[in-house]
Every structure is written in structure tokens, then in C-alpha cells.
Enquirer: 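Okay, handing you the structure first.
Remember, it's a predicted structure, so these values are computed and weren't measured experimentally. Atoms considered below: every heavy atom in the structure, side chains included; atoms not considered: hydrogens, waters and symmetry mates. Count residues from 1 along the sequence.
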Amino acid sequence: MDRLEEALAVLVVEGREVVRPRAALPPEAREGDVVDLETMRVDAAATEQLREEVRRAREKALAKKAAPPGDFDL
């Protein structure tokens, strides 16, 4: 689930946003959880895999070289 907006849940499915009533989701569902749209249950294994992918992507982004020292114009 990408985010919650009042009574709606916004999920990203194959790169596009899908909106479902928040009440249709399990009460334990949180932002960042993977929800199976057929069963409307949180997929704990897929959620953990997604979190690990995000963690690795953040580490990779932070490992990039820092900007050169000194002042420069953009």
C-alpha cells in the first residue's frame, strides 16, 4: 500500500495507482505493506522482500560520491 488518504487506500499495482476503500483492507494494514488484492490480506513475505529492496536502494543511493568541495554555480 502506497498511502492512506482519509477513507481511501492508494495501492500501486504494476506501476499504476489503484484506489480501494480503507475499510476493505485488513485493520493491521499499514503504508508500505504488500496487500494481495484477491484475498485483501497483507502478504508478510512480500512486504519484507519489498522493505529489503528499498533498504538496499537507499544504501546504494547514499554510497554515491559526495559533491566536490567548494562553491559552484548551477
Enquirer: What residues, two or more places apart in sequence or in another chain, satisfy side-chain contact (heavy atoms from CB on, under 4.5 Å) together with V12?
Expert: D2
Enquirer: Which pairs with one or both residues in residues 29-44 pass side chain to side chain donor-acceptor pair (under 3.5 Å), sequence neighbours excluded?
Expert: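 Residue pairs with at least one partner in residues 29-44: D33-R51.
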Enquirer: Looking at A9 and L4, what are the two nearest heavy atoms and their distance?
Expert: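 The answer is CB-CD2, 3.8 Å.
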Enquirer: Are V13 and L8 connected into the same hydrophobic cluster when the rule is that any two of I, L, V, M, F, W, Y join if their side-chain heavy atoms are below 4.5 Å apart?
Expert: no
Enquirer: Name the atoms and distances for all side-chain donor-acceptor pairs under 3.5 Å in residues 16-28, with sequence neighbours left out.
Expert:
residue : atom : partner : partner atom : Å
E17     : OE1  : R3      : NH2          : 3.4
E17     : OE2  : R3      : NH1          : 3.2
E17     : OE2  : R3      : NH2          : 3.3
R22     : NH1  : E6      : O            : 3.2

Enquirer: Under a 4.5 Å cut-off applied to non-hydrogen side-chain atoms, are V10 and M1 in contact?
Expert: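 Not touching, per the 4.5 Å side-chain cut-off.
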Enquirer: For a side chain to side chain contact (heavy atoms under 4.5 Å, CB included) check, start with the C-alpha distance between E52 and R55, then their side-chain angles and the critical distance, and finish with the verdict.
Expert: CA-CA 5 Å; E52 181 62 24; R55 186 190 63 74; 2.2 Å; yes
Enquirer: Are there over 12 heavy-atom neighbours, none belonging to R56, within less than 6.0 Å of that residue's CZ?
Expert: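 For R56, atom CZ is crowded (more than 12 foreign heavy atoms under 6.0 Å).
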Enquirer: Quick one: pull up CD in E53 and CD in E48 and give me the separation to the nearest 0.5 Å.
Expert: 10.5 Å
